[in-house]
Protein chains: 2
Amino acid sequence: MVHRNTNAVRDAALRGAGFRVTPQRQAIIRVLETSDRPLSVEEIISRMKGYRSGVPTVYRNLQQFAEHGWVETLVGPDQIMRFVWCSTSKHHHHVQCEQCGRAVEVEGCALKRALEAMEAKSGFRITRHQLQLFGLCPECKGE
Amino acid sequence: MVHRNTNAVRDAALRGAGFRVTPQRQAIIRVLETSDRPLSVEEIISRMKGYRSGVPTVYRNLQQFAEHGWVETLVGPDQIMRFVWCSTSKHHHHVQCEQCGRAVEVEGCALKRALEAMEAKSGFRITRHQLQLFGLCPECKGE
DNA sequence: ATGTCAAATGGAAATGATTTTCAATAACGA
DNA sequence: TCGTTATTGAAAATCATTTCCATTTGACAT
Ligand SMILES: [Zn+2]
Ligand SMILES: [Zn+2]
Ligand SMILES: [Zn+2]
Ligand SMILES: [Zn+2]
C-alpha cells in the first residue's frame, strides 16, 4: 500500500526535524506535494481535503518548512507569497510555464561558469543566487 | 557645468517617453541615480533634498519607470519593494553585497549556455528569467 | 504673458496579505 | 493516564501599497 508508506515517510521526516505530527501539517504537506504549481496560502487551505487549517497555522508551518529547505517561497510582482514543495533540499531551480502555470524542478544548477564570469566582471565574490525561470512547458510549447 | 547637463539629459528622456517634467519625478530619479543600493519608497522620500513627494506619487512613478526599464523592482523576503536604477534597459542583473548592502549592475548576461542546459533537462522553452545575485563586494571581501 | 486642459500630485481613507496575541487544544514522553 | 509543552486558530493588529478625488501644475496654443 503505497499511500500508507508515503505517509509514514512524511511523518518520520517531521519527527526527525523535531516537529510534532499534526493533521494540519500533514494536510499542508499533502497539498503541496501533489500540486503541479506554486500555491498561495489561500489556495493551500482551499485545497485541503478533510481538514481545514487556520491561516496563521499555514503561514507558520510554511515558514518552518522553508527553513528546512522543504519548500521554496516565491513572491512575484503581485506581492503574494506562493510556495512550492522541493523534492530535494539540494540547490536547484524551478521553471514555471507562463501559459498554464505548471512548475517543475530543474535538478542541479548549471550556473557555475556564468557565475565565475559575473564575479570577474563585478569584482564581487558571489556566494548565493536566486534564479526564477519562466517559459512554456512541453504541452504549451507544442501548440 | 556637468550637473546642468545631466539634468538636461534626464528631462529630455522624460519628455521623450511622454512624461511631463515635474520636480517630483526629477527628485525620485536623482535619488535613485545616486544611490549605491536598492531603496524602498520610504527611503527614497527621506533622501530627497529640497523636495518631498507624497507616497502615492512615488509608487506611481516607480511603476511607470519600471515599465520603461529604467528601474528594476526587487522584493525580498521582508516583502518590501525596493527599487534600483538601471543604467541601461538592456537585459542585465544586479549583485548585492550581503555585508554592506551595496549593489552594482553586472553588464550583460552570461546565462545562455546554462539556460540551454536547463531547457534540455526540463523540456520547457525558457523565455524569461530573473536572477538575483548576492555576495561580498570588493571592499567587504578583503575584510 | 495668459488661458486652457489633461496630466500629475498628495492627503486621507481603503485594501488586504501577513503577523501577533493569547486562551484553548492536542501531541507525546513518562 | 498524566503533565508538560508545542501547536492551533479566532480575532485583532500591522503596515506596505493602492485607491479616491479635489487641487495643482506643466505644456502648449493664442
Ligand atoms: Zn504550460
Ligand atoms: Zn543555481
Ligand atoms: Zn560590501
Ligand atoms: Zn540574464
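Residue numbering restarts at 1 for every chain, and letters A, B, ... go by the order of the sequence lines.
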- request: Using the six-membered ring wherever Trp is involved, compare the ring planes of B:Phe65 and B:Trp85 and label them parallel, tilted or perpendicular (cut-offs 30° and 60°).
  value: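 Perpendicular.
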query: Does the distance from a Lys or Arg side-chain N to an Asp or Glu carboxylate O, for B:Glu107 and A:Lys121, drop under 4.0 Å?
result: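 Result for this pair is no, no salt bridge flagged.
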query: Between A:Ser40 and A:Glu43, do the side chains contain an N or O donor and an N or O acceptor separated by less than 3.5 Å?
result: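 Their side chains do contain a donor-acceptor pair, which is all the 3.5 Å distance test asks for.
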Side-chain donor-acceptor pairs of residues 11-22 of chain B under 3.5 Å, sequence neighbours excluded:
from	atom 1	to	atom 2	distance (Å)
B:Asp11	OD1	B:Gln26	NE2	3.0
B:Asp11	OD2	B:Gln26	NE2	3.2
B:Thr22	OG1	B:Arg25	N	3.1

message: Whole angstroms only, please: what is the CD1-C1' distance between B:Ile45 and C:dT9?
response: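 These atoms are roughly 12 Å apart.
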- prompt: Run the side-chain hydrogen bond (donor to acceptor under 3.5 Å, both in side chains) check on A:His93 and B:His129 step by step: do they pass?
  reply: CA-CA 11 Å; A:His93 301 289; B:His129 66 269; over 6 Å; no
task: Between protein and nucleotides 6-18 of chain D, map the contacts as a letter string: B base, S sugar-phosphate only, - none, heavy atoms under 4.0 Å, written 5' to 3'.
output: BSBBBB----SSB
